[in-house]
Number of protein chains: 2
Amino acid sequence: MKRTTIGDVAAAANVSIATVSRVLNGLAVKEVTATRVRDAAARLEYTPNALTKSIFAGRSSTIGVLIDDLRSPFYLDLMRGIDDVAAANGSLVMFSNTFRHTGREVAQVQAMDEQRVRGLIVTSGASVDERVRRMAAGGTPCVVVARTLQDPPPGLHSVSLDNVTAGRMMAEHILSCGRRTIGVIASGAVPSQIGRIEGLRKGLGKDNALLNDDAIAILDDDVTTPEVTDAVTSLLDANPSMEAMVCLSGRYTLAVHTALIDRGLSIPEDIGFLTMDDFAWAQNLGITVVTQPSHQMGQEAAKLIVENPRVSAQLTFEPELISRASCGELR
Amino acid sequence: MKRTTIGDVAAAANVSIATVSRVLNGLAVKEVTATRVRDAAARLEYTPNALTKSIFAGRSSTIGVLIDDLRSPFYLDLMRGIDDVAAANGSLVMFSNTFRHTGREVAQVQAMDEQRVRGLIVTSGASVDERVRRMAAGGTPCVVVARTLQDPPPGLHSVSLDNVTAGRMMAEHILSCGRRTIGVIASGAVPSQIGRIEGLRKGLGKDNALLNDDAIAILDDDVTTPEVTDAVTSLLDANPSMEAMVCLSGRYTLAVHTALIDRGLSIPEDIGFLTMDDFAWAQNLGITVVTQPSHQMGQEAAKLIVENPRVSAQLTFEPELISRASCGELR
DNA sequence: CTGAAAGCGCTAACAG
DNA sequence: CTGTTAGCGCTTTCAG
């Protein structure tokens with residue numbers, strides 16, 4: 001069950017181990033010798049050991065990715081973007097879900113570091129910040145997604161959405177539909193959600209409309225459907241004249257939408273509905289969304305790893321509103 | 001920029017490199033010495049190099065996964081199942097999309113082999129069969145998903161759905177709704193699709209209903225939405241009295257559903273609609289589906305890698321029909 | 001209990 | 001052009 005090594009090939013081809021290495025790496029070798037080596041390698045079904053190679057390079061060529069939860073459309077597209085450029089660069093991707101579980105986040109970042117990943121892309125929370133800083137300082141480029149860090153050292157990048165604009169776009173669209181009283185569901189007091197709420201306030205302010213604190217439900221970060229339902233119910237109970245419900249996280253789109261319908265509300269007649277992140281069925285369902293260029297963001301994140309600029313890049317992307325039926329004109 | 005090594009720790013703790021190794025691996029060392037070593041390691045922020053460790057073990061502890069396309073709900077859940085047991089076992093997952101592109105499949109399997117993955121899970125086509133066989137024979141357990149191989153050597157496993165039963169369930173449900181003339185969209189002449197069609201025939205046969213060949217569209221494996229639309233159109237044109245449209249691949253659910261709606265057909269009044277694989281919005285949309293226990297299948301696949309039984313396991317899972325509105329009683 | 005020394009599979013100077 | 005000789009960072013005998 002022992003694997004054939006470069007030494008076996010060398011013996012079979014009657015050359016030194018160094019010559020085999022040269023042939024395999026395309027260095028100058030007499031053609032006849034090279035052919036002999038290649039034949040031997042093929043005959044012995046030799047498969048080079050990438051692990052050993054990485055030991056020399058000091059690091060592997062794999063890109064590490066830590067995702068909260070792949071089920072979210074944003075993260076899924078992000079992942080595909082990463083995979084695209086990784087594949088184009090002959091890099092593999094090492095992946096793990098963290099489910100926003102702090103213990104898991106810390107453990108997996110450590111694991112990735114031990115694997116000597118070429119770079120690391122994380123969508124996790126602050127629990128990994130210190131470690132990621134150290135990694136970047138130590139020469140492993142890291143990209144934080146959907147968050148920015150204070151005083152990032154060179155090699156520590158971030159890729160995020162212009163959340164304030166996203167919020168403002170939502171507010172302006174709502175106002176333009178003749179709706180004024182709105183409710184908001186946010187997933188945790190994290191930077192992206194805070195930014196979107198700020199944008200919402202700015203957009204509404206232009207029209208002197210107000211967003212009361214009791215019209216905003218900031219859920220915990222990892223809430224399940226029944227809790228979202230409860231939050232929607234409370235919001236509606238507390239604000240009976242609500243004309244639009246805004247969901248600030250793509251992860252809760254389904255839950256919020258369902259809660260609205262189950263309460264017997266018609267969209268958009270009884271209430272307008274607006275959410276983040278486009279998804280496959282959104283068009284058929286006529287749901288108005290603000291999207292992020294998630295696929296592109298994944299690509300850019302991966303490029304930062306591959307190109308490894310010795311600065312700290314803070315990339316911000318612009319959102320886009322796709323207007324569909326769910327938040328149409330009132331009356 | 002040089003990483004601290006076990007040697008640095010040894011020097012700092014004034015012990016030999018072997019002693020450090022022992023402490024780090026929990027072998028017998030005098031407690032005072034051990035503490036000194038651990039302190040030094042912490043102080044120097046020592047992070048062991050998993051690559052070098054793997055070199056000794058002969059292979060890494062990473063599980064390789066090759067997926068056609070993560071956007072498909074089945075594959076996404078499968079992936080989550082794999083990730084679950086990997087995380088529980090302290091394994092990382094190395095992942096790559098292949099998009100059913102033969103060149104990419106072959107290249108990535110090779111890459112995974114070079115990475116000396118602990119085992120490989122593939123959802124790809126026959127292009128990788130030979131290589132996967134060799135890997136299994138060479139001691140790297142492999143699991144093929146949604147397909148079975150001829151005479152698998154020990155270590156080469158498969159995880160798949162009982163496709164014939166899935167097809168039969170669909171047929172029986174359709175008949176029980178008083179529908180008889182059906183159309184079928186399949187994604188390629190691959191074993192899973194063939195099996196489902198066979199099941200459909202068997203189920204319909206019980207009632208002497210027939211499934212004509214011109215009511216089945218077998219698309220290419222990697223078709224885009226417009227092509228699906230065309231297929232649906234042709235099917236409908238050729239069979240004007242069609243009472244139910246069956247989609248045999250979760251990847252095409254959206255495209256087929258949209259094509260039906262865009263043609264002005266009401267579901268289920270004008271035509272019943274039935275598809276494979278449950279997905280988040282299916283309930284809200286009232287779409288009847290036959291599901292696979294995809295998450296569990298992922299877990300079992302990963303377990304086969306982790307436990308590595310020295311036989312060839314062929315795991316088959318039973319489908320389940322979730323009846324919703326899209327294929328209700330006729331009239 | 002601990003250190004010295006021999007590798008794991010491969011690359012990278014050096015000589016020839 | 002090609003072979004010899006050191007390592008890469010770590011584990012693992014084998015002596016002390």
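Because the structure is a prediction, the values reported are computed rather than measured. Scope of the values below: all heavy atoms of this structure, side chains included, with no hydrogens, waters or symmetry mates.
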Asks: Who pairs with A:R147 by side-chain hydrogen bond (donor to acceptor under 3.5 Å, both in side chains), at least two apart in sequence or on another chain?
Replies: A:D129
Asks: Strictly by salt bridge (Lys or Arg N to Asp or Glu O under 4.0 Å), give each pair with a member in residues 33-43 of chain B just once, sequence neighbours left out.
Replies: B:E31-B:R38
Asks: When all nucleic acid strands are considered with a 4.0 Å heavy-atom cut-off, which category describes A:V15: base, sugar-phosphate, or nothing?
Replies: sugar-phosphate
Asks: Can you run down the salt bridge (Lys or Arg N to Asp or Glu O under 4.0 Å) pairs that involve residues 55-68 of chain B, sequence neighbours left out, and say none if there aren't any?
Replies: B:D68-B:R100
Asks: Apply side-chain hydrogen bond (donor to acceptor under 3.5 Å, both in side chains) to B:T62 and list each qualifying residue two or more places apart in sequence or on a separate chain.
Replies: none
Asks: With B:L156, which residues qualify under side-chain contact (heavy atoms from CB on, under 4.5 Å), at least two apart?
Replies: B:V132, B:R133, B:A136, B:C142, B:V144, B:L149, B:P152, B:P153
Asks: Check the interface with nucleotides 8-10 of chain C: list each N/O to N/O pair with the protein under 3.5 Å, or write none.
Replies:
| residue | atom | partner | partner atom | Å |
| --- | --- | --- | --- | --- |
| C:dG9 | OP1 | A:K2 | NZ | 2.9 |
| C:dC10 | OP1 | A:Y46 | OH | 2.5 |
| C:dC10 | OP1 | A:N49 | N | 3.4 |
| C:dC10 | OP2 | A:I6 | N | 2.4 |

Asks: Considering only heavy atoms, which members of residues 26-34 of chain B lie under 4.0 Å from some atom of DNA chain C?
Replies: B:V29, B:K30, B:T33
Asks: Side chains of A:T19 and A:T33: does their closest heavy-atom pair fall under 4.5 Å?
Replies: yes
Asks: Once side-chain hydrogen bond (donor to acceptor under 3.5 Å, both in side chains) is applied, do any residues pair with B:N89, and if so which ones, sequence neighbours excluded?
Replies: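 For B:N89, no residue satisfies side-chain hydrogen bond (donor to acceptor under 3.5 Å, both in side chains) once neighbours in sequence are set aside.
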Asks: Can you list everything that forms a side-chain hydrogen bond (donor to acceptor under 3.5 Å, both in side chains) with B:D84? Sequence neighbours excluded, please.
Replies: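 B:H295.
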Asks: Output all residues satisfying side-chain contact (heavy atoms from CB on, under 4.5 Å) with B:P48, sequence neighbours left out; order by chain, then residue number.
Replies: A:E114, B:Y46, B:K53
Asks: Mind checking which nucleotides bracket the chain A contacts on DNA chain D, 5' to 3', with an atom under 4.0 Å from a heavy atom?
Replies: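 Footprint of chain A along DNA chain D, 5' to 3': D:dC1 to D:dC8.
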Asks: Identify, between B:N14 and A:L24, the residue whose nearest nucleotide on DNA chain C lies closer to the 5' end.
Replies: B:N14
Asks: Tell me the salt bridge (Lys or Arg N to Asp or Glu O under 4.0 Å) pairs involving residues 7-19 of chain B, sequence neighbours left out?
Replies: none
